[in-house]
Amino acid sequence: MCLSSVYKETVGDNNLLLNNVQRITCSGGTIVLTDILERQLTIEGEILLVDLIQNQVIIAPKD
Amino acid sequence: MHLDHDHPHTHPHEEHAHDGCGEHIHCGEHINCAECGHNSDPRAELLALMRYMVGHNTQHANELAGLAKKLDELGDHTSYEQVMQAVGDFEKGNLRLSTVLAALDQK
């Protein structure tokens, strides 16, 4: 229900990929993050964690 | 990783190298790169966030009203009334926010 912050590998300011994320889509290892202004960030990887209480998502990018 | 865009870059890639990511994040000239701090329209983002908050608060108010109703159904009418008062206060605050938002939208 709330916007989320998406991080790479672990939660931390230096690992923030995108803030105020309203939508996440996943397809075949491709993750598309969309923020409140409809800006999109595409990442190859997998979602490790979605915390709906803390509004945090952790992604492991594909190396 | 890349930001989706369909127009040519007008800047060197070095401007948007992200050491923590190990890859470039490309920013098109019409796309704000909020994640690297290069937000060319912070006011637009603030308004979008406020708009989201007003709508989201309405959802929460409705959910709280639903919870209150369940309290009533469980026989706790006093708690139902108190929660509904809280919902009313919540909606008043949200109405104030939406008024501010309307004024900001007109500026």
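Order of the sequence lines fixes the chain letters, A, B, ..., with proteins taken first and strands second; residue numbering starts at 1 for each chain.
Hydrophobic clustering, with ILVMFWY side chains joined whenever heavy atoms are under 4.5 angstrom apart, keeps Met50(B) apart from Leu46(B). Using a 4.5 Å cut-off between side-chain heavy atoms of Ile, Leu, Val, Met, Phe, Trp and Tyr, with links allowed through other members, Val54(B) and Leu47(B) fall into the same hydrophobic cluster.
Leu3(A) and Tyr52(B) get closest at one heavy-atom pair: N-OH, 3.0 Å. For Ala44(B) against Leu37(A), the heavy-atom pair with the smallest separation is O-CD2, 3.9 Å.
Counting heavy atoms of neighbouring residues, nucleotides and ligands inside a 6.0 Å radius, atom OH of Tyr7(A) exceeds 12 of them. No more than 12 heavy atoms of other residues, nucleotides or ligands shown are found within 6.0 angstrom of CG on Asp13(A).
Annotation: the span from His60(B) atom NE2 to Cys2(A) atom SG amounts to 4.5 Å, rounded to 0.5 Å. Note that the CD atom of Glu45(B) and the CG atom of Asn19(A) stand 8.0 Å from one another [nearest 0.5 Å].
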